[in-house]
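In this chain, numbering begins with 1 at the start of the sequence shown. Below, each value reflects all heavy atoms present in this structure, side chains not excepted, and no hydrogens, waters or symmetry copies. Keep in mind that what you see is a predicted model, and the values were worked out from it rather than measured.
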Amino acid sequence: LPMLPDIYVAAPTYNELLQGQRVAAQKELDRLVREAKAAGIRTQGLLVDVGVAAGGITRLAKCRRGDLIVMGTHGRTGVRRALMGSVPARVLTMAPCPVLTVSRMRGRDRGAAMIRRILSASDFSPASRPAFAKAVDLARATRAELTVAHVLTPPLPVLIDGSMSPQAWPAMNTAAGRDGQRQLEGLVSRAKRAGVRARALLLEGVAAERIVRAATSRHADMIVMGTHGRTGFARLLAGSVANRVISQARCPVLTVPGR
C-alpha cells in the first residue's frame, strides 16, 4: 500500500494567537467607533491590552474619571455562570461609578426607546440611598414615572427554648410589612417633592426574582438599584441581588455604588 508522508503543522505560538486577537478586537472596535460617530457622538476607541477584563475596565474608568460604565450581559446562569464567571458582576464590585448593563435579550429597535417608567429597588440600607437619589434625578430629567419597590424577604424561623408561639410568626410578618410600607411611603414623598410622579410597591419573596418580575409586569424601561460591593467570603455567603437582577432582567439595569 502506498504510504502517505508524515505531515507536520506548526501550531501557532502564544504571541501569534495574541496578535490575532488584537487585530480582530481592533477591527471590531473601529467598527463600533464609526457607528457611534455616524450617530453624532464624540467617540474614542481604546484597546486595553492583556489582562483581566473587569480590572482593566474599572481601572480605565478611574483613570478617565468616567461618570458611567456601559456594558452588555450574556445572561449566563447555573453551571455555565459558575464556571465562566461574569465580567459585569466583577465590575459591579469594583466600579468607581454607576454601571449600566444592557441584556442581549433587549431588541436593538428598543435600545433607543425613551425612558417612561423606572423601577427603583431599595432595601432601605445606607448603600441604597445613592441609587434612589440617582433614580429620582433620572426620572425628573426624563419625566418618567418612578416606582419605588421593596421586597420583604421572610426571615428564617427563630426558635426560642425549642418552640415558637403560633401567633408570633404572623405578627412578625405583619410588623415587617407595616414598617416596609412606611419607609416606602417616605421615599415616595421625597420623590414627589422633587417633582417626580412616584408610587410605592411592596413585594414579598426572593428579592431578585420579585424585582425582575415587577419590572417586566410594569413594562419598566430601566431598573435602578444600589450595590453593596461585597467581595470574598461575604459575597459567597450573601450572594448579590444586583448580580442576579442584571443576569435576568430584560430591561437595562443601572447599578449605583453604595459607597
Side-chain angles (χ1 to χ4, degrees), residues 15-76 84-120 130-131 133-146 215 219-227 242-243 245-257:
N15 287 337
E16 290 171 338
L17 289 172
L18 196 59
Q19 183 58 28
Q21 290 181 348
R22 285 196 185 99
V23 172
Q26 188 64 58
K27 183 177 179 180
E28 178 64 12
L29 189 61
D30 292 341
R31 183 191 68 79
L32 294 173
V33 169
R34 288 195 301 271
E35 186 176 327
K37 287 183 176 179
I41 301 172
R42 290 185 295 116
T43 311
Q44 179 183 8
L46 290 173
L47 182 61
V48 181
D49 215 333
V50 186
V52 178
I57 291 169
T58 53
R59 281 195 300 272
L60 185 60
K62 290 177 183 177
C63 291
R64 295 268 168 166
R65 297 183 180 179
D67 298 307
L68 181 69
I69 297 173
V70 182
M71 57 194 310
T73 65
H74 295 278
R76 298 188 184 102
M84 300 185 69
S86 167
V87 174
R90 293 171 185 166
V91 169
L92 257 57
T93 65
M94 301 184 290
C97 60
V99 179
L100 179 65
T101 52
V102 183
S103 168
R104 66 176 180 180
M105 293 184 290
R106 186 175 177 86
R108 184 183 178 87
D109 58 328
R110 293 188 61 198
M114 292 180 61
I115 298 176
R116 298 183 177 89
R117 291 171 290 273
I118 298 173
L119 178 69
S120 173
K134 183 69 70 174
V136 171
D137 289 343
L138 188 59
R140 184 171 52 208
T142 60
R143 298 182 180 179
E145 180 184 67
L146 178 65
H219 306 287
D221 299 301
M222 180 177 291
I223 298 170
V224 182
M225 59 191 307
T227 60
N243 288 343
V245 169
I246 67 173
S247 70
Q248 299 171 23
R250 299 185 65 88
C251 65
V253 180
L254 180 65
T255 50
V256 182

What closest approach, in Å, do [X] and [Y] show between heavy atoms, and which atom pair accounts for it?
| X | Y | result |
| --- | --- | --- |
| Ile223 | Cys251 | CG1-SG, 3.6 Å |
| Val224 | Ala131 | CG1-O, 3.4 Å |
| Gln44 | Val33 | C-CG2, 4.4 Å |
| Arg117 | Ala144 | N-CB, 4.1 Å |
| Pro96 | Lys62 | CG-CG, 3.4 Å |
| Ser103 | Arg250 | CB-O, 4.4 Å |

Flag the pair [X] / [Y] as yes when at least one side-chain heavy-atom distance between them is below 4.5 Å, and no otherwise.
| X | Y | answer |
| --- | --- | --- |
| Leu100 | Met222 | yes |
| Ile69 | Cys97 | yes |
| Ile57 | Val87 | yes |
| Leu68 | Leu254 | yes |
| Ser120 | Leu146 | yes |

Charged N to carboxylate O below 4.0 Å: is that the case for Lys134 and Asp137?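 No, Lys134 and Asp137 are not salt-bridged.
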Would you give the length of the straight line joining atom [atom1] of [X] to atom [atom2] of [Y], rounded to the nearest 0.5 angstrom?
| X | Y | atom1 | atom2 | value |
| --- | --- | --- | --- | --- |
| Leu119 | Asp221 | CG | CG | 11.0 Å |
| Leu47 | Lys27 | CG | NZ | 15.0 Å |
| Arg34 | Leu29 | CZ | CG | 10.0 Å |

Next on the checklist: Between Thr255 (side chain only) and Val99 (backbone N and O only), is there a donor and an acceptor less than 3.5 Å apart?
Outcome noted: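 Such a contact is found between Thr255 side chain and Val99 backbone.
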Between Gln19 and Asn15, does a side chain to side chain donor-acceptor pair (under 3.5 Å) hold up when you go through it step by step?
CA-CA 6 Å; Gln19 183 58 28; Asn15 287 337; over 6 Å; no
